[in-house]
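Here is the structure we will look at.
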Amino acid sequence: MTAARPSPFPASTVLGYPRIGPERELKHALESYWSGRIAYDELDKIGARLREDTWRRLHALGLGALPSGTFSYYDQVLDTAVLFDAVPERYRGPAPEDAYFAMARGAAGIAPLRMTKWFDTNYHYIVPEIGPDTAFRLAGDAPLAEVRQARALGLDTRPVLLGPVTFLLLSEPAPDAPAGFAPLDRLPDLLPAYERLLAALAAEGVAWVQLDEPALVADRSAEELAAVRTAYRRLGAAAARPALFVATYFGDPGEALPVLAGTPVEAIGLDLVRGSLPAPDVDLSGKTVVAGVVSGRDVWRTDHDRALAALVAVRERAAHVVVGTSSSLLHVPYDVERETDLDPALRERLAFAEQKVAEVVELASLLASAPDGAPGGAESRATPSSLSPEPAAPCPPRSPYAVRAAAQAAHLRLPALPVTTIGSFPQTGELREARAALAAGRLDETAYEVLVRNEIARAVAVQERLGLDVLVHGEPERNDMVQYFAEHLDGFAVTRHGWVQSYGSRCTRPPILHGDVRRPEPITVRWATYAQSLTDRPVKGMLTGPVTIVAWSFVRDDLPLRDVVLQVADAVRDEVRDLEAAGLSIIQVDEPALRELLPLRRAEQDGYLAWAVDAYRRATSGASDRTQIHTHLCYSDADEIIAAVDALDADVTSVESARSHARLLREPAVGGFERGLGPGVYDIHSPRVPEVEEIEESLRAALKVLPAHRLWVNPDCGLKTRTYGEVEAALANVVTAARNLRGDHEYRPLTAE
C-alpha cells in the first residue's frame, strides 16, 4: 500500500507487551540454551509459542491493533543493530545467533558491548557501536517473519521498530572512530535500510508500522531536531510504505512535537501520563494521535474520568484519536488476578498488563460515545521527580572526610589496593529450590536457615582462601536486593508472579509500595554478624539505598516521590545504626538507581539530584567516624552524575567500569574525587573470566587518574548471576592482579589529601 490513503487506525492499541512469559518461559529457555541443554531451534520454538500466545490473548481481550516485533531474545536495541547489520567485526561468527549473544554476553576472549539503562527505567539495553565505516544494510527479515506468523493465526499485526533517530542517539562511537564523530552523523546512510524494510512491509500488505522514538522526550539540540525532520520527511516521502506511526513516550516531546507534526507521518504517539496535552499552537488536525492515557510504567488502575477527559481534549485537536498505553507494557507484570495472596483491598487498586489492555479497550468504547467537552480534569499527573516539596528537617552531618578517614585507617588497617566484592555471591540451584520450597510450605524455616548458614560459611571461606581484604556474607538469604527489604518493611506488598524483565534472562519482582514505610525490627543484622563471627577480616553489612528501593518498586502516587524516598531513608538509617551497634565496621548502602531516576529534561535534574543526595546522606547520617560507609552504582552511566556521586559523601564508592570500557575514568571530575573509588575490573554480566593481565591493565589505567591509596579493586556488580566456578576463577585473577601492582605502591591509609 502507499501512504496516500492509509487504512484507519483501530480504536485501541498498546505500544508493546511483556515477552518473558507468564511463567518466565523465555528466561528458562535462554538459560537452557546458554548452558547447552537445548539447541537454538528449540529456543526458537519457545519464542514462537510465546509470541503466538501473546497475540491470541490480546485479540481475545478485544484490542483493536496488535503489535508485533516487540519480542526479543535479549533486547530490542540489540535486535535493531542486528537487523541493520551494525555488528562489529569482532563478534561475527558462523551463525547469526553466535554474533547476537556475543554482543550481549561476550564470548571466549571477547568482551560484550556496553550495557546501560533504558532511559529512566530499570530495563537495560545493549549499546550499539557505530563508526564511520559501519555498512548499514537490511540484514534480516524478522519483522516480516512475525507478520507472517501472526497471519497464519488469522491475525494482522503492526510491526514495531526502534526509530532511526533514537537508535543512533542511543549508540556510541566505535572505538576507532575519529574525534568528534557522532553516530547520528550516519543518519543519511541508515535511512535507505529503513526504506527497504518499509517497502518490504508494504509489499507484504502491512497497513501500519510503529517507529519508536522515545529519545524525543529528552532535551534535543537544533541539529538533532533537524535530524528528526530529515528522517521522517524522507521516510514519509517513500512511494511504497505502510502508514507511519511514530511513538514518543516516557515524557513530553516538547519542541520535537511540532517537528514531527510537520512531516508526512500519519500518526504520533503521546505519553499523556508522564507528559502533557499538546500545546495549542501545534497543528495536529491532519494526524492520528495515539493517546497514551493508560500507564505502562506503574501498576495502579487508571482514573477513567481523567483519562476520558484527556482523550476528548485530544479528539478536538486531531483528525483521529486512538486509545493506547503511555509506553510498552514491558515494564509491568502479566496479570494481577494471579496474585491471590495480596490483600483484596490492595488488589482492587491494581492493574497489570492484562488489566491495562482491558482498560484501553474499555476507554475506547467510552470515548466512542463521549460528547465533546466531556467533564473531568484533563491534566496529566506530574512526573514525581519534578515535584519540589519543602525540604525535610536536616540530619546531623558526619564529620569531615579527613577525620573519618584517619579513624577508619587506624581501625581497619587495609593494604593499598584493597580487594572486595559488591555483595552477592552465586545463587545456587539448591538455594533457589529451597527458597521456592519454603514459600510453598514444603520446607520448614529451620531447615532453610541451616542451608543459609552453610552458604554464608561457604562464601566467607572462598573469600578468605582467595585472599580478599574486605569480605561479604554473600546474601544467600536474599531473593532480590529490593524485594528482600520490602518483605521486612511496613508499607510494602510483594507478589508471587509479578515478574518484570530487567535484561536478557534477568527478571525481578518489583514490590508494591502502597503505604507509609516503617521498619518494625532489624533486617540484616543477624546474618551479617554471623558472617563476621567466621573471620577476622572485615565483613561489609549490605543494605540497599532509599532511592534504589523506591526506584525498583511500584510506588504509591498520592505522595511526592521525594517524601516517599525520605520515609525509606529513615528506615535505612535505623538499620545502619543497628549494624554498627552489632560490631560491623564497614556498611555498604547501594544506590545503583541514582542515575536511573534522573529526569530526562535538564531543567528538572538539579532539583532531583539535590533531594536524592540528601536522602542518601540522611540514611547514612547515624554512622560514627570509624564506620566506613560504602556505596555502589552499576550499569547506569554514573559518569554523567559524578558530582552527585561525590556529594553522597560515602567513604568508598564502587562503580561499574569494565563493561563500559573505563569511560568513567575519562571524566576529569574523577581525578578530583576525594574519597575511595573502586572502578570495576570484572564484568559480571558476561560468563567470561578476565585474565590477570587484563585486570592489571585496568588497574594501571585507574592509577593514572587516582592515587593508589584511594583505589579499590572490585567487580562491576554483585555475583548473584554467575556460577561458583566462574566467580572463583575470576576473583583469583583479581586478587593476583591487585597483589602484583600493590608492591609498586607504598602503603598509605585512605585519607584526604
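Hydrogens, waters and symmetry mates play no part in the numbers below; they use all other heavy atoms, side chains included. For reference, positions follow the sequence shown, starting with 1.
Here the closest non-hydrogen pair linking Leu329 and Val357 is CD1-CG2, 3.9 Å. The nearest pair of heavy atoms linking Val77 to Phe167 is O-CE1, 4.1 Å. For the residue pair Leu201 and Pro242, the shortest heavy atom distance occurs at CB-CG, 4.0 Å. For the pair Tyr334 and Pro18, the tightest heavy-atom approach, listed with the atom from each and the gap, is OH-O, 3.1 Å.
Residue pairs that meet the salt bridge (Lys or Arg N to Asp or Glu O under 4.0 Å) test with at least one member in residues 60-70, sequence neighbours left out, do not exist here. Sorted by first and then second residue, the salt bridge (Lys or Arg N to Asp or Glu O under 4.0 Å) pairs involving residues 80-89 (not counting sequence neighbours) are Asp85-Arg92, Asp85-Arg137, Glu89-Arg92. Screening residues 134-153 for ring pair (Phe, Tyr, Trp, His ring centres under 6.0 Å) gives no qualifying pairs among residues at least two apart or on separate chains.
A donor-acceptor contact closer than 3.5 angstrom links the side chains of Glu656 and Ser660. With 3.5 Å as the limit, one finds a donor-acceptor pair spanning the side chains of Glu213 and Tyr232. Gln210 and Arg158 share a side-chain donor-acceptor pair at under 3.5 Å. If you check the side chains of His124 and Thr116, you find no donor sitting under 3.5 Å from an acceptor. Of the N and O atoms on the side chains of Trp552 and Glu596, at least one donor lies less than 3.5 Å from an acceptor on the other residue. Side chains of Gln501 and Arg506: a donor-acceptor N/O pair is absent below 3.5 angstrom, by distance only. Remark: the Asp75 side chain and the Tyr123 side chain contain an N/O donor-acceptor pair separated by less than 3.5 Å.
For Ala459, the side-chain contact (heavy atoms from CB on, under 4.5 Å) criterion is met by Phe425, Gln463, Tyr724, not counting sequence neighbours. Taking Tyr249 as the reference, nothing meets the ring pair (Phe, Tyr, Trp, His ring centres under 6.0 Å) condition, with sequence neighbours excluded.
Trp499 carries Arg24 over the face of its six-membered ring, with the cationic atom under 6.0 Å from the centre and within 45° of the normal. Geometrically, Arg51 engages Phe71 in a cation-pi contact defined by less than 6.0 Å to the ring centre and at most 45° from the axis.
Other residues, nucleotides and ligands place no more than 12 heavy atoms under 6.0 Å from the CD atom of Glu691. With a 6.0 Å radius and a threshold of 12 heavy atoms from other residues, nucleotides or ligands, Glu42 has its CD atom above the threshold. No more than 12 heavy-atom neighbours from other residues, nucleotides or ligands sit within 6.0 angstrom of NE2 on His59.
Using a 4.5 Å heavy-atom cutoff, the side chains of Pro510 and Val482 are not in contact. Side-chain contact between Val336 and His497 is absent, with no heavy atoms from C-beta onward closer than 4.5 Å. Contact check for Arg435 versus Gln427: side-chain heavy atoms found under the 4.5 Å cut-off. No side-chain heavy atom of Cys634 sits less than 4.5 Å from a side-chain heavy atom of Asp716. By the 4.5 Å heavy-atom criterion applied to side chains, Leu244 and Leu235 are counted as neighbours. In this structure, Arg688 and Glu694 have side chains that are in contact, with non-hydrogen atoms separated by less than 4.5 Å. Inter-residue side-chain proximity for Val14 and Ser328 is flagged as unmet; no heavy-atom pair is nearer than 4.5 Å. Residues Pro192 and Arg234 are in side-chain contact: their nearest non-hydrogen atoms beyond the backbone lie under 4.5 Å apart.
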* Asked: Hey, mind stepping through Glu475 and Lys720 against salt bridge (charged side-chain N to carboxylate O under 4.0 Å, His left out) and telling me if it holds?
  -> CA-CA 9 Å; Glu475 306 176 14; Lys720 177 180 179 179; over 6 Å; no

* To do: Go through Val332 and Arg297 one step at a time and tell me if the side chain to side chain contact (heavy atoms under 4.5 Å, CB included) criterion holds.
  => CA-CA 6 Å; Val332 298; Arg297 294 282 299 273; over 6 Å; no

* From CA spacing to verdict: ring-ring contact (aromatic ring centres under 6.0 Å, His included), Tyr503, Tyr125 -> CA-CA 7 Å; Tyr503 61 87; Tyr125 75 93; over 10 Å; no

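Ionic pairing of Arg241 and Glu195 is not present here: no N-O contact between side-chain nitrogen and carboxylate oxygen is shorter than 4.0 angstrom. With salt bridges taken as basic N to acidic carboxylate O contacts below 4.0 Å, none links Asp480 and Arg509. Taking a cutoff of 4.0 Å between a charged side-chain nitrogen and a carboxylate oxygen, Arg49 and Asp44 do not qualify as a salt bridge. Contact check on Arg496 versus Glu339 returns no salt bridge, with no Lys/Arg side-chain nitrogen under 4.0 Å from an Asp/Glu carboxylate oxygen. A salt bridge is defined here as a Lys NZ or Arg NE, NH1 or NH2 lying under 4.0 Å from an Asp or Glu carboxylate O, and Glu31 with Arg37 fails to meet this definition. Using a 4.0 Å cut-off between charged nitrogen and carboxylate oxygen, Arg338 and Glu23 count as a salt-bridge pair.
Taking the six-membered ring for Trp, Phe119 and Phe250 have ring centres closer than 6.0 Å.
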Enumerate donor-acceptor pairs with a distance under 3.5 Å from any side-chain N or O in residues 95-114 to protein atoms, sequence neighbours excluded.
unit_1	atom_1	unit_2	atom_2	d
Asp98	OD2	Ala95	N	3.3
Tyr100	OH	Ser72	OG	3.3
Tyr100	OH	Tyr74	N	3.0
Tyr100	OH	Asp79	OD1	2.6
Arg114	NE	Glu172	OE1	3.0
Arg114	NH1	Asp637	OD1	2.6
Arg114	NH2	Glu172	OE1	3.3

